[in-house]
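Scroll down for the structure; my scribbles are underneath it.
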Amino acid sequence: MTASRLKVPPATAQKLARLGIQLPMDLVLHLPLRYEDETRITPIADAPYGQSVQVEGEVRQCEVQYQPRKQLLAQLADASGAIWLRFLHFYPSQQKLCAVGQRLRVVGELRSGFHGDEMVHPKVHSAKAEQALPEVMTPVYPTVQGLTQPVLRRLIAKALEVEDLRDTLPEALRQALALPDFADAVHTLHHPPPDCAQQALALRQLPAWQRLKFDELLAQQLAMRILYRQRRHGGAPVLHGDGQLRQALLTHLPFALTAAQLRVLAEIDTDLGSPHPMRRLLQGDVGSGKTVVAALAALTAIEAGYQAALMAPTEILAEQHYLKLRDWLTPLGLNVAWVSGSQKKTARSAARAAMASGDAHLTIGTHALFQDDIGFARLGLVIVDEQHRFGVSQRLALSGKGGEPHQLMMSATPIPRTLAMSYYADLDVSVIDELPPGRTPIVTKLINAARRSEVMGAVAGAVAKGQQAYWVCPLIEESETLQLQTAVDTHAELSAALPGIQVGLVHGRMKSSDKATVMAAFQRNEIQLLVATTVIEVGVDVANASLMVIEHAERMGLAQLHQLRGRVGRGAAESRCVLLFEAPLSELAKARLKVMYDSTDGFEIARQDLRLRGPGEFLGAKQSGTPMLRFADLDADQPLLDAARDWAPRLLAEQPEAVQAHLQRWLSGREQFLRG
Ligand code: ADP
Ligand code: MG
């Protein structure tokens with residue numbers, strides 16, 4: 001089955017492209033929004049209000065009115081009654097069609113109007129006595145301006161006729177899942193028989209719909225498995241260490257690894273020691289201790305004579321990693337290099353030289369690390385922190401640089417099961433499901449912003465006990481300048497209201513050296529209250545901070561709130577998170593804040609987030625590297641997803657031609673998706 005091109009004029013092709021239609025098969029898969037029933041004629045007296053109905057009759061009167069505005073009014077009558085047809089815009093041809101004495105067949109929605117029952121802008125054509133009624137419903141397709149329904153219908157009908165619609169699924173599979181034949185399914189969905197309840201079509205419960213959803217999910221599963229297999233066939237350096245550097249770091253650390261950290265480390269070691277590139281996602285809730293796992297993985301690469309790189313999504317987080325890992329690794333005699341977009345040219349070229357010569361054992365930075373042609377002498381391992389902030393496309397792009405290094409992706413935003421099974425199915429996953437001992441649970445409070453001054457009092461109380469606090473300023477999406485202003489104002493206000501407390505400020509527009517100075521002062525408890533924009537969202541780690549205040553919490557996403565809240569609860573002191581909100585709250589905002597109040601478990605929060613927002617939103621714009629599902633709904637169609645996942649490996653093993661044909665049908669022209 002090879003994909004042919006569309007045979008249409010360029011102007012039409014352009015319009016079709018706007019609908020995502022590039023190939024004839026795309027036409028076949030362009031399904032109706034709704035249907036019109038032209039299979040029968042309803043007597044005018046029986047026509048119901050408010051739904052599409054077809055009537056036939058003779059024009060009794062026809063006139064152009066100018067009051068209240070220019071319009072064409074025609075009265076149509078059959079043996080049972082009469083209605084008005086009203087056109088606010090009309091062509092002379094329409095006026096001719098509606099001349100007195102004409103027999104017309106009309107499809108439209110009846111409503112009660114000024115002159116009596118009327119149809120506004122109905123579909124009208126002349127009813128020659130011999131004209132037979134269609135046997136199937138008339139599809140109404142999603143379209144764009146300039147592409148009419150008749151044109152689209154004709155193109156689609158033609159594609160249905162000439163395209164190869166042979167089934168790609170083996171008989172056994174179709175029978176096991178009680179799915180109809182592919183050709184039957186698409187014909188039914190484009191031209192359902194009238195007895196096919198409109199309701200069922202709308203609810204997408206028909207077997208024909210199930211068939212398309214299953215096909216789509218299966219194509220996704222197959223593609224992901226193929227990606228996975230390709231990777232398992234690719235080559236990567238075998239990273240076997242002697243464990244000396246690791247041992248040295250472990251003896252320096254003031255804590256022992258948790259059982260969960262040891263387990264995921266063993267999983268990572270197995271991958272690093274294999275000659276195929278690792279693509280492992282390390283999931284662990286905020287504060288579960290992913291950084292030390294990353295450091296130990298890097299040490300194995302270094303022990304094996306390779307370099308490692310660690311990339312973080314924000315400068316502030318990358319810098320914190322740099323400072324921490326430099327402290328850990330320099331005593332072991334290792335060089336840690338730093339690359340950021342904002343560093344001076346000389347510093348950048350020094351780092352670059354160290355990377356290229358192999359002197360830099362570990363290089364840490366933002367995405368600047370993989371921009372332009374920065375090259376490593378022997379890159380063995382790439383670690384990406386807070387992977388969800390980079391997105392699927394970037395995760396693929398990375399693999400091209402410096403051969404095929406191993407990749408460890410870390411994320412504190414747990415991926416709900418359905419997404420893990422679909423969009424992330426090409427990755428191996430390790431989970432740190434345990435927090436280090438001695439953490440105290442975080443108590444979350446929802447407080448009306450009207451009580452803001454009481455919250456300031458709580459800050460003073462915490463500081464009096466030797467603790468520290470964060471105060472996060474609201475997210476102002478419309479304007480970064482306004483957000484900055486708010487942070488500056490809040491800082492001034494809190495400094496004035498809390499004499500005797502050192503109040504610091506960090507925001508996204510600050511020079512990175514200034515940011516680092518403030519963060520270091522906070523770390524040393526020279527600053528007790530840190531006012532921040534959401535730049536501290538990810539990864540910042542100050543154990544003595546036990547109070548987190550978040551203003552306008554209702555504006556933030558759940559994942560973001562969870563990340564922010566995770567900045568506290570890292571030390572022994574009981575920690576609190578105050579979510580200030582501005583009343584009145586929308587129902588959705590209430591539901592979201594309640595999720596934060598009810599749970600501190602990142603997995604549960606992500607599950608609720610997915611439920612409230614749907615997968616598209618959850619993946620976010622940045623994640624659009626993978627095509628979204630058009631027909632299936634990961635939540636509602638979970639049984640089909642399960643079935644697709646079960647069948648994919650069987651088909652790959654037993655029916656490679658069927659797999660080829662299926663992927664060709666569903667993914668042709670989207671091959672970039674199949675590139676590892
Ligand atoms: P995250 O998983 O959110 O990135 P971090 O790696 O920043 O978490 O770790 C949070 C804090 O816990 C850090 O201060 C880290 O040093 C500490 N930590 C990590 N592992 C352990 C452990 N096994 N025992 C005690 N503290 C630990
Ligand atoms: Mg982290």
Is there a donor-acceptor pair under 3.5 Å between the side chain of [X] and the backbone N or O of [Y]?
X: Ser546; Y: Ser575; answer: no
X: Gln467; Y: Asn544; answer: no
X: Asn335; Y: Asp359; answer: yes
X: Gln307; Y: Ala377; answer: yes
X: Glu315; Y: Thr366; answer: no

I want to check something: taking the side chain as every heavy atom from C-beta on, are [X] and [Y] in contact at a cut-off of under 4.5 Å?
X: Met556; Y: Val472; result: yes
X: Val568; Y: Arg576; result: no
X: Leu579; Y: Met596; result: yes
X: Val595; Y: Asp609; result: no
X: Thr490; Y: Leu494; result: yes
X: Leu332; Y: His252; result: yes
X: Met355; Y: Val339; result: yes
X: Val518; Y: Met510; result: yes

Around atom CD of Gln244, are there more than 12 heavy atoms from other residues, nucleotides or ligands closer than 6.0 Å?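 Not more than 12 within 6.0 Å, no.
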
Mind listing the side-chain donor-acceptor pairs of residues 254-262 below 3.5 Å, one per line with the distance, residues two or more places apart or on another chain?
unit_1: Thr258; atom_1: OG1; unit_2: Gln261; atom_2: N; d: 3.1
unit_1: Thr258; atom_1: OG1; unit_2: Gln261; atom_2: OE1; d: 3.3
unit_1: Gln261; atom_1: OE1; unit_2: Thr258; atom_2: N; d: 2.8
unit_1: Gln261; atom_1: NE2; unit_2: Gly289; atom_2: O; d: 2.9

Show me the pairs that pass salt bridge (Lys or Arg N to Asp or Glu O under 4.0 Å) and involve residues 592-606, at least two apart or across chains.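 Non-adjacent pairs meeting salt bridge (Lys or Arg N to Asp or Glu O under 4.0 Å): Lys594-Asp598, Glu604-Arg607.
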
- Item | Selection residues 441-455 - residue pairs positive for salt bridge (Lys or Arg N to Asp or Glu O under 4.0 Å), sequence neighbours left out |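 Listed by first then second residue: Arg451-Glu454, Arg452-Glu493, Arg452-Glu551.
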
**Those residues that, when tested against Phe603, pass ring pair (Phe, Tyr, Trp, His ring centres under 6.0 Å) (two or more places apart)** =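 Partners of Phe603 by the ring pair (Phe, Tyr, Trp, His ring centres under 6.0 Å) criterion come out as none, since no residue qualifies.
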
If the condition is ring pair (Phe, Tyr, Trp, His ring centres under 6.0 Å), which residues does Trp328 pass it with, not counting sequence neighbours?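 Not a single residue meets the ring pair (Phe, Tyr, Trp, His ring centres under 6.0 Å) criterion with Trp328.
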
Nearest-0.5 Å distance that lies between atom [atom1] in [X] and atom [atom2] in [Y]:
X: Leu281; Y: Leu408; atom1: CG; atom2: CG; value: 8.5 Å
X: Asp514; Y: His507; atom1: CG; atom2: NE2; value: 8.5 Å
X: Leu561; Y: Leu593; atom1: CG; atom2: CG; value: 7.0 Å
X: Leu253; Y: Leu250; atom1: CG; atom2: CG; value: 6.0 Å
X: Leu227; Y: Arg279; atom1: CG; atom2: CZ; value: 10.5 Å
X: Gln247; Y: Leu296; atom1: CD; atom2: CG; value: 10.0 Å

Tell me every residue that passes side chain to side chain donor-acceptor pair (under 3.5 Å) with Ser288, counting only those two or more places apart in sequence or in another chain.
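Ser288 satisfies side chain to side chain donor-acceptor pair (under 3.5 Å) with no residue once adjacent residues are dropped.
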
Sequence-distant partners of Thr600, side chain to side chain donor-acceptor pair (under 3.5 Å), two or more places apart:
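So Thr600 forms no side chain to side chain donor-acceptor pair (under 3.5 Å) with any residue.
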
### Task
Apply side chain to side chain contact (heavy atoms under 4.5 Å, CB included) to Trp471 and Leu547, showing your working.
CA-CA 8 Å; Trp471 192 290; Leu547 175 61; over 6 Å; no

Polar contact flag, side-chain donor to acceptor under 3.5 angstrom, [X]-[Y]:
X: Arg565; Y: Thr444; value: yes
X: Glu554; Y: His552; value: yes
X: His321; Y: Asp385; value: yes
X: Gln483; Y: Thr533; value: no
X: Asp285; Y: His562; value: yes

Pair Glu574 + Lys465: basic N to acidic O under 4.0 Å |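 Looking at Glu574 and Lys465, the cut-off is not met.
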
Between Val503 and His491, is a side chain to side chain contact (heavy atoms under 4.5 Å, CB included) present by the stated rule, with each step listed?
-> CA-CA 7 Å; Val503 186; His491 175 252; 3.5 Å; yes

Apply side chain to side chain contact (heavy atoms under 4.5 Å, CB included) to residues Val293 and Val264 and explain how you reach the verdict. CA-CA 8 Å; Val293 171; Val264 301; 4.1 Å; yes

Can you list everything that forms a salt bridge (Lys or Arg N to Asp or Glu O under 4.0 Å) with [X]? Sequence neighbours excluded, please.
X: Arg246; value: Asp269
X: Asp428; value: Arg231
X: Asp433; value: Arg263
X: Glu582; value: none

**Request:** Would you please test His406 and Leu239 for side chain to side chain contact (heavy atoms under 4.5 Å, CB included) and show each step?
**Result:** CA-CA 9 Å; His406 296 279; Leu239 304 179; 3.6 Å; yes

- Query: Would Arg378 count as a cation-pi partner of Tyr306, with NZ or CZ less than 6.0 Å from the six-membered ring centre and within 45° of the ring normal?
  - Reply: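 Relative to the ring axis of Tyr306, which defines the angle, Arg378 lies inside both limits.
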
Please tabulate, for side-chain N and O atoms in residues 522-529, each donor-acceptor pair with protein atoms closer than 3.5 Å (sequence neighbours left out).
unit_1: Gln523; atom_1: NE2; unit_2: Asp541; atom_2: O; d: 3.0
unit_1: Arg524; atom_1: NE; unit_2: Glu526; atom_2: OE2; d: 2.8
unit_1: Arg524; atom_1: NH2; unit_2: Glu526; atom_2: OE1; d: 3.3
unit_1: Gln528; atom_1: OE1; unit_2: Gln502; atom_2: N; d: 2.9
unit_1: Gln528; atom_1: NE2; unit_2: Asn525; atom_2: O; d: 2.9

